[in-house]
Amino acid sequence: QHRYLFDEVNPALFLVIAVYVCFVTFAVIRIITALFLKATLSASDAEHRREMDRTRIQRLEYSERLCSSLKEDLNQARIDRKGFTLLLTFKHFTDWLDDAELSAVDATRLFKALESDDGFVDLDHLLEAISQICDSSSERDAILHHESATLVNTMRQVTMALEAQHARGSLVITAGV
């Protein structure tokens, strides 16, 4: 019964059917492979998110331990440049900076941006800023923005002080030759 169909079909049509079967088989195999690949990548992403969460929790625990030890020793969690330089020598801290893709220079710039008039930085604020940068490396631009805002505010204060002195007449501007 099937032999009759095979004998009557043109050999060119037989070639078309063979190509069609090969194409459909290839397409089905590609779809199955894509489904396996999607499942594998989803599992990998979930594992990466869990690892990032574990790392973030470890960083937060480290920062809490650091802040609490400073509060116990000094009754405050504030550091100056000397303390920050010492902090840069700790392996946990440098690993944390590496997670955030920050160099020591970037971290110093962040410290300067957060520095108050007395030369100290609240350690909580510094560690929180680094933690936020770790969570989103695109936030590195926040360092530059915050530092720029600090410089602009300082320049405004200097300009207002100079204008106030000039208005009182106590400022004499001389031009050097």
Side-chain angles (χ1 to χ4, degrees), residues 1-71 77 79 81 83-115 121-153:
Q1 168 183 10
H2 296 289
R3 188 83 169 138
Y4 174 74
L5 183 62
F6 182 74
D7 290 338
E8 295 293 323
V9 175
N10 188 346
L13 190 57
F14 177 74
L15 183 63
V16 170
I17 291 173
V19 169
Y20 172 76
V21 169
C22 289
F23 176 74
V24 169
T25 303
F26 179 75
V28 168
I29 289 173
R30 295 290 291 172
I31 290 171
I32 292 170
T33 304
L35 292 174
F36 279 117
L37 185 61
K38 180 181 176 190
T40 303
L41 290 176
S42 294
S44 175
D45 287 344
E47 183 178 335
H48 179 70
R49 280 192 302 273
R50 283 192 301 271
E51 182 64 30
M52 291 300 291
D53 288 342
R54 263 195 303 273
T55 303
R56 184 175 47 80
I57 289 169
Q58 288 174 346
R59 286 193 309 254
L60 291 175
E61 288 173 353
Y62 172 71
S63 68
E64 288 171 2
R65 282 195 317 267
L66 186 61
C67 289
S68 66
S69 69
L70 283 173
K71 283 181 182 176
I79 59 171
R81 286 182 193 227
F84 181 71
T85 304
L86 179 65
L87 194 60
L88 286 173
T89 63
F90 295 148
K91 174 143 178 52
H92 282 298
F93 191 72
T94 56
D95 289 344
W96 196 7
L97 291 177
D98 289 340
D99 287 344
E101 298 177 5
L102 291 174
S103 66
V105 173
D106 291 334
T108 303
R109 290 177 65 195
L110 179 61
F111 180 86
K112 288 178 185 177
L114 296 173
E115 189 174 31
V121 171
D122 288 335
L123 191 58
D124 293 338
H125 292 145
L126 178 66
L127 297 178
E128 180 182 336
I130 294 172
S131 179
Q132 288 175 357
I133 291 169
C134 286
D135 292 340
S136 176
S137 61
S138 65
E139 298 295 321
R140 291 181 57 184
D141 293 336
I143 295 172
L144 297 174
H145 176 70
H146 190 60
E147 186 174 342
S148 297
T150 303
L151 289 173
V152 167
N153 287 338

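As the structure is a prediction and not an experimental result, all values here were calculated from the model. The analysis underlying the following values was restricted to heavy atoms, covering all of them including side chains, and did not include hydrogens, waters or symmetry mates.
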>> If you compare all heavy atoms of Ile79 against all heavy atoms of Leu87, which two are closest, and at what distance to 0.1 Å?
In response: CD1-CD2, 4.1 Å
> What pairs with Thr108 under side-chain contact (heavy atoms from CB on, under 4.5 Å), at least two apart in sequence or on another chain?
Replying inline: Phe84, Leu88, Lys112
Output side-chain donor-acceptor pairs under 3.5 Å for residues 16-43, partner residues at least two apart or in another chain, one line each.
residue: Thr25; atom: OG1; partner: Val21; partner atom: O; Å: 2.7
residue: Thr33; atom: OG1; partner: Ile29; partner atom: O; Å: 2.8
residue: Thr40; atom: OG1; partner: Phe36; partner atom: O; Å: 2.9
residue: Ser42; atom: OG; partner: Lys38; partner atom: O; Å: 3.0

>> Among residues at least two apart in sequence or on other chains, which ones pass side-chain contact (heavy atoms from CB on, under 4.5 Å) with Glu51?
In response: Arg54, Thr55
> Sequence neighbours excluded, which residues qualify as salt bridge (Lys or Arg N to Asp or Glu O under 4.0 Å) partners of Asp53?
Replying inline: Arg56
